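Just below is one structure, and these are the notes that go with it.
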Amino acid sequence: MRDPAWPPPAVLSGVDFNAPSIEVARALIGVGLFVDGVGGRIVETEAYDEDDPASHSHRGPSTRNGAMFGPPAHTYVYRSYGIHWCLNLVCREAGHGAGVLIRAIEPTAGLAVMRQRRGDVGDRQLCAGPGRVAQALGITGDHGALPLDHPPFELRAADTPCEVACGVRIGISKAAEQPWRFGLAGSRFVSRPFR
DNA sequence: CGTGAGATGATCT
DNA sequence: GATCATCTCACGG
């Protein structure tokens, strides 16, 4: 018998982080994400789940992906290609190994700090891509497995409902046909256009 | 606009 | 030893 009081609610800024990663990835579009006040609204995400060959969690818990199996509404940060950091938001009840990759943000706060971290690039390229998001927001491995409702992190609910586009994920070779990439329709801050 | 190569290191086989 | 949830720069049309 399932206890209706379990799992405990993990709703932040209108997003239910206990939901499956696909739903969370969709719900996160338009939500504000800030690290020490620097950030903007999320305009592109990708969903990953344990039943997903492309997911780091697919082969079960390990040293790297441990946070994916931890509590929802926490971060999972990993190093990509030995160079970049990438930020995920963990979802599902603890133990499921699901998360949402933050792929792009429309910068709204701390633009000067972002430019300092990112170098001399146009505003459109400040946060267009997972590695760029992490660099612009100052995210490193130290930001892994942290709760999203405590500093330095902050979420803000979307102020207006938004139209969400979806497409296949980017940069993966396994389960490459799954349409688990989501974006704010018409946004010019996404890493690649939706069709 | 496009394609392609190199950087760079942890993780997994 | 191979594979990566990437980025930047160089070059061609």
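So that the names make sense, note that chain A is the first sequence line, chain B the second, and so on, each numbered from 1. All of these numbers come straight from a predicted model, not from anything done at the bench.
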Problem set entry | hbond_proxy A:Tyr78 side chain to B:dA10 base (donor-acceptor, 3.5 Å cutoff) | no

Seminar exercise, completed: Applying the 3.5 Å cut-off to both distances, the Watson-Crick or G-U partner of B:dT13 turns out to be none

Problem set entry | A:Ser173 vs C:dT3: side-chain N/O to OP1/OP2 distance below 4.0 Å | no

Exercise. Taking any strand in view, what nucleotide pairs with B:dT8 in a Watson-Crick or G-U wobble way, both distances under 3.5 Å?
Worked result: none

Exercise. Does one side chain, of A:Ser191 or A:Glu44, offer a donor that lies under 3.5 Å from an acceptor on the other?
Worked result: yes

Exercise. Which nucleotide, B:dT13, B:dA7, C:dT8, lies nearest any side-chain atom of A:Ile83?
Worked result: B:dA7

Exercise. Within this structure, what is the CZ-to-C1' distance between A:Arg64 and C:dT3, rounded to whole angstrom?
Worked result: 10 Å

Exercise. Going by atom types only, do A:Gln135 and A:Arg117 share a side-chain donor-acceptor pair under 3.5 Å?
Worked result: no

Exercise. In terms of side-chain heavy atoms of A:Arg132, which of C:dA5, C:dC7, C:dT6 is nearest?
Worked result: C:dC7

Exercise. Which listed nucleotide (B:dT13, C:dC4, C:dT6) is nearest to the side chain of A:Ser80?
Worked result: C:dT6

Exercise. So does A:Arg79 get a side-chain nitrogen or oxygen closer than 4.0 Å to the phosphate oxygens (OP1/OP2) of C:dT6?
Worked result: no

Exercise. Nearest to the side chain of A:Pro130, which nucleotide is it out of B:dT11, B:dT13, C:dT6?
Worked result: C:dT6

Seminar exercise, completed: From the list A:Leu28, A:Val90, A:Val11, side chain to side chain contact (heavy atoms under 4.5 Å, CB included) with A:Phe17 holds only for A:Leu28

Exercise. Taking atom C1' of C:dC7 as reference, at what distance in whole Å does atom CZ of A:Arg118 sit?
Worked result: 8 Å

Exercise. How close or far is atom C1' of C:dA5 from atom CD1 of A:Ile170, stated in whole angstroms?
Worked result: 10 Å

For this session: Just compare B:dT8, B:dT13, C:dC7 and give me whichever is closest to any side-chain atom of A:Arg59.
Result: B:dT13

Problem set entry | Under 4.0 angstrom between A:Ser62 side-chain N/O and B:dC12 OP1 or OP2 | yes

Problem set entry | Below 4.0 Å: OP1/OP2 of C:dT6 and any side-chain N or O of A:Arg169 | no

Exercise. Separation of A:Glu46 atom CD from C:dT6 atom C1', in whole Å?
Worked result: 12 Å

Problem set entry | Shortest side-chain distance from A:Ser55, nucleotide among C:dC7, B:dC12, C:dA5 | C:dA5

Exercise. What is the base-pairing partner of C:dG12, counting Watson-Crick and G-U wobble geometry with both distances under 3.5 Å?
Worked result: B:dC1

Problem set entry | Between C:dT8 (P) and A:Asp120 (CG): distance, integer Å | 12 Å

Problem set entry | Ion pair check, A:Asp52 and A:Lys174, cut-off under 4.0 Å | no

Exercise. Considering all heavy atoms of both residues, which atom of A:Leu184 and which atom of A:Cys162 are nearest to each other, and what is their separation?
Worked result: CD1-CB, 3.3 Å

Seminar exercise, completed: Here the distance between atom C1' of C:dT8 and atom CD of A:Gln135, to the nearest Å, is 11 Å

Problem set entry | Distance in angstrom units between A:His56 NE2 and C:dT3 C1', rounded | 11 Å

Seminar exercise, completed: For A:Leu137 and A:Cys127, the nearest pair of non-hydrogen atoms, with its separation, is CD1-SG, 4.4 Å

Seminar exercise, completed: What residues 174-195 of chain A contributes to the DNA chain B interface at heavy-atom separation below 4.0 Å is none

Problem set entry | Distance, rounded to the nearest Å, where A:His84 contributes NE2 and C:dT6 contributes P | 9 Å

For this session: Give one of base, sugar-phosphate or nothing for A:Leu101, where a contact means two heavy atoms less than 4.0 Å apart.
Result: base

Seminar exercise, completed: Of A:Gln125 and A:Gly171, the one whose nearest nucleotide on DNA chain C sits closer to the 5' end is A:Gly171

